[in-house]
Protein chains: 2
Amino acid sequence: MSPKTRNVTQKEIARIAGVSQTTVSMVLNDRDGSNVRIPAATRERVKQAIEQSTYVADPAARRLAGLDNQILGVFTYEPALSPESMDFYGPLLNGIERAAEEVGCDLLFFTSSPVEDGRRTLFHRKTRLRLADGCILLGQDMDGDDLKRLVDERFPFVAVGRRDETTARVPYVGIDYVTLTDGLIRRAVELGHREGVYVHRDGDSPTARDRRGQIVAATESGTLHFTPVAVADDDVSAAVAAVAAGGATVIFAEDTFLAEDVAFALAAAGIDLPRSVSLASLGEVRGHSIGGRVLTGFQTPRQQVAAEALNLLQKLVATPADEWPGLDTQLLLDGTLELGETLVPVGSAS
Amino acid sequence: MSPKTRNVTQKEIARIAGVSQTTVSMVLNDRDGSNVRIPAATRERVKQAIEQSTYVADPAARRLAGLDNQILGVFTYEPALSPESMDFYGPLLNGIERAAEEVGCDLLFFTSSPVEDGRRTLFHRKTRLRLADGCILLGQDMDGDDLKRLVDERFPFVAVGRRDETTARVPYVGIDYVTLTDGLIRRAVELGHREGVYVHRDGDSPTARDRRGQIVAATESGTLHFTPVAVADDDVSAAVAAVAAGGATVIFAEDTFLAEDVAFALAAAGIDLPRSVSLASLGEVRGHSIGGRVLTGFQTPRQQVAAEALNLLQKLVATPADEWPGLDTQLLLDGTLELGETLVPVGSAS
DNA sequence: CTGAAAGCGCTTACAG
DNA sequence: CTGAAAGCGCTTACAG
């Protein structure tokens, strides 16, 4: 630690104002309850002294003494500020920053977390987690053990995105993908589609299950029959083959990157989009288009998700842990459909 | 403060291992100097106990006891994570995140700082600044008083961008705009330009002065004569008028947004770019183009700037303040010219 | 109304 | 080699 000029402490303020350090603390924290009643005169004297000095409370000491810090942690399972991740994290981080500014909190990014198995670990020997009053968790693929431990330790946190851990009830704010997926299926049916291909990554996240659930339901009810195609390593050739095999008039892709890959592969295979086959993404499509056409998919209120997550986190921080069970800690927000231009009526080719 | 389950402390580890709490601290911090020599046996016992527990040192306590925190502050004078600011801050933040990850530091964003006069204030009653070992300052328009106070308090910090405060020697990492500007002027001269217009915002930041200095020098030496045009509120009409008045074959804009505004106004005025007049930006141009043409300007190593800034900050943190004068704390990195397609030989119209 | 004291969890001289 | 003690700056019972 580089030696700095000593900082002003309450003790010095006390000496200047001619009171005890306790009194300074009382004044600073507006402790004016039944047992303590500080006359306006001394209160004023103390305030004067503080005003004249450059006094700033030491956050570490406050924290150690058991107060909160006005610091919220932000943990991402991948680098959050890289150009590639901005597409996903950008709106969330922006929402978090704005909400934090609003409530007067600083944001502690746990960039130091060592990487294991390709993702960062929240708990490690030197984690500064406890310096924060609470923590926001971001990432497609969270660690179940982390979540469990956070719950067990009663550390206030909120996950962005739905989590249905069997081991613990995780507070989250997410998007209602079930309704969105359902809406897009209806839309396809309205347009005459009866046979589709569902291209997905074969992941097992809650949001992946949400989408798949509706796809399966539509298939089983006979509303719209989907042939599922799992894709690995961005190799979407199987999906193209499934389309070429005939029958399908529409492709649903699990997310927008996948949709773009599919579109590219279709073009390479000489299959015309959307004349020969329609395409829709079950993810956020803003800013994405296919050959100049607005991609059909969802619009998701990510900034709002972030704001609500911070909101909920604040509530958890302010509530004693034993009262948490009474709180509504799982929140899904509605998105909207982007009808777009890549999902068109069957037979548009004619 | 919501009551949590109590966290494991050194005292408990000590009890388990059957040693004193001091010894636990020693083992944890590898204090094995001349006065302390802990036998491998007890050391092992302590490590076992730690391993079995979920012990994590309380960062607030460490900090209060005078150690460093592995937390670096990030202060931006405007919101850093908004879509608009990403163009500028994005590469810097990315560089900072990567560097922080490398050195094992967390990043504390001072989002809580209240806004005064349209910009955030670093020092306020509840600043958590001191929780960080040091701080990176970002922003076009920093507050001179903030800088002075940081220097006076000997708080380790590094500004991104050159700062020449008269009141204090500010550590910084920036880009060498003098050489870049000079290079672009030479280039214009090579292409036959003798008469230009310099569109600027009339600001007084160091980098603004750097650019203007070269413009003025070229004008005075007669190499390339510039007519300066100050622009307010993005109203570049005066610049267009200056061009229309004749004589000038090239426009230099202080930054890329300005260049884009000028290009737009020229097009509206029916002045053909670059056939009638050339255009160059004295700023980063990556990702910007004018009517499909690569804009002439600079490429600046912003990620590297960020990395070097963090580097320097680490050095400051690790060095006692009284030895800072011996350090090289002002660093300018080289950018490269983007020759682009909007600065063309005089008389290309023919 | 106000201050002396204990305590938060840690580190570091200082004695054994 | 190891532990008891002081101290970091703050808050909060607890006595006056």
Side-chain angles (χ1 to χ4, degrees), chain A residues 1 3-15 17-46 50 53-70 125-131, chain B residues 1 3-15 17-46 50 53-70 125-131:
Chain A
M1 190 72 265
K4 307 171 188 172
T5 56
R6 297 200 36 61
N7 282 306
V8 184
T9 71
Q10 290 186 358
K11 203 189 330 186
E12 290 162 59
I13 301 289
R15 193 178 44 69
V19 295
S20 80
Q21 182 248 340
T22 304
T23 304
V24 175
S25 174
M26 296 296 193
V27 171
L28 275 167
N29 296 300
D30 271 326
R31 288 284 175 280
D32 223 8
S34 47
N35 295 333
V36 291
R37 187 144 294 286
I38 302 172
T42 63
R43 179 179 300 277
E44 206 44 50
R45 202 141 32 89
V46 172
I50 293 172
S53 75
T54 58
Y55 177 80
V56 176
D58 183 331
R62 278 176 69 87
R63 182 68 174 168
L64 193 57
L67 267 64
D68 65 2
N69 237 349
Q70 304 280 78
R125 196 86 297 161
K126 319 198 61 178
T127 182
R128 260 77 65 176
L129 181 61
R130 286 158 60 191
L131 214 46
Chain B
M1 190 74 265
K4 307 171 188 172
T5 56
R6 296 197 39 60
N7 282 306
V8 184
T9 70
Q10 290 186 358
K11 203 191 324 188
E12 290 163 59
I13 301 288
R15 193 178 43 69
V19 296
S20 79
Q21 183 249 342
T22 303
T23 305
V24 176
S25 174
M26 295 298 193
V27 170
L28 275 167
N29 296 300
D30 272 324
R31 289 282 176 282
D32 223 9
S34 47
N35 296 332
V36 291
R37 188 144 295 283
I38 303 172
T42 64
R43 179 181 299 276
E44 206 44 50
R45 203 140 33 87
V46 172
I50 293 171
S53 74
T54 58
Y55 177 81
V56 176
D58 183 332
R62 278 176 70 87
R63 182 67 174 169
L64 192 57
L67 266 65
D68 64 4
N69 237 350
Q70 303 282 77
R125 197 89 294 162
K126 321 197 62 178
T127 182
R128 260 78 64 175
L129 181 61
R130 286 158 59 192
L131 216 45

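Chain naming here is simple, since letters A, B, ... match the order of the sequence lines and numbering starts at 1 in each. Excluded from the calculations below are hydrogen atoms, water molecules and symmetry mates; all remaining heavy atoms, backbone and side chain alike, are included.
C:dC8 atom C1' lies 15 Å from atom CG of A:D68, rounded to whole Å. We find that CE of B:M26 is positioned 12 Å from C1' of C:dC10, with the value rounded to whole Å. Nucleotide C:dG7 holds its C1' atom 16 Å from the CZ atom of A:R63, rounded to whole Å. Between the CD atom of B:Q10 and the P atom of D:dG3 there is a distance of 13 Å, rounded to whole Å. Rounded to a whole Å, the CG atom of A:L67 is 14 Å from the C1' atom of C:dG7. If you measure from atom NZ of B:K126 to atom C1' of D:dC10, you get 13 Å, rounded to the nearest angstrom. Rounded to an integer number of Å, the gap from NZ of B:K11 to P of D:dA5 is 14 Å. Note: CZ (B:R128) to P (D:dC10) measures 15 Å, nearest angstrom.
Contact check for B:V46 versus B:M26: no side-chain heavy atoms found under the 4.5 Å cut-off. In this structure the side chain of B:N7 never reaches within 4.5 angstrom of the side chain of B:D58, judged on heavy atoms.
Residues that satisfy the side chain to side chain donor-acceptor pair (under 3.5 Å) test with A:T54, not counting sequence neighbours, are absent from this structure. For A:S20, the side chain to side chain donor-acceptor pair (under 3.5 Å) partners at least two apart in sequence or on another chain are A:T23. In this view, B:R128 and A:D106 satisfy the salt bridge (charged side-chain N to carboxylate O under 4.0 Å, His left out) rule, not counting sequence neighbours. Residues that satisfy the side-chain contact (heavy atoms from CB on, under 4.5 Å) test with B:L129, not counting sequence neighbours, are B:F110, B:L122, B:F123, B:T127, B:C135, B:L150, B:F155. Under the side-chain contact (heavy atoms from CB on, under 4.5 Å) criterion, B:A65 pairs with no residue at all, not counting sequence neighbours.
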How does DNA chain C look in dot-bracket notation if pairs are Watson-Crick or G-U with both distances under 3.5 Å, crossing ones as [ ], other-strand ones as |?
|||.||||||||.|||
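Residue A:T23 has its side chain nearest to C:dT2 when only D:dC10, C:dT2, C:dC10 are considered. Among C:dT11, C:dT12, D:dT2, the nucleotide with an atom closest to any side-chain atom of B:P39 is D:dT2. Here the nucleotide nearest the side chain of A:V19, chosen from C:dC8, D:dA5, C:dG3, is C:dG3. Checked against D:dC10, D:dA4, C:dT11, the side chain of A:D58 finds its nearest nucleotide in D:dC10. The listed nucleotides are C:dG7, C:dG9, C:dC1; the one nearest the side chain of B:L64 is C:dG9. Of the candidates D:dG9, C:dA13, C:dC10, C:dC10 carries the atom nearest the B:Q21 side chain, counting heavy atoms from C-beta on. In the set C:dT11, D:dC10, C:dG3, the nucleotide with an atom closest to the side chain of A:A61 is D:dC10.
Contact annotation: B:T42 reaches the phosphate of D:dT2 (side-chain N/O to OP1 or OP2, under 4.0 Å). In this model, the phosphate group of D:dT11 is approached by a side-chain N or O of A:S25 to a distance below 4.0 Å at OP1 or OP2. For C:dT11, the OP1/OP2 oxygens have a side-chain nitrogen or oxygen of B:N29 closer than 4.0 Å.
For A:R63 (side chain) and B:P59 (main-chain N/O), no donor-acceptor pair under 3.5 Å exists by modelled atom type.
Within 4.0 Å (heavy atoms only), A:A57 reaches sugar-phosphate atoms of the nucleic acid but no base atom.
Contact annotation: side chain of B:S20 to base of D:dA4, donor-acceptor pair absent below 3.5 Å.
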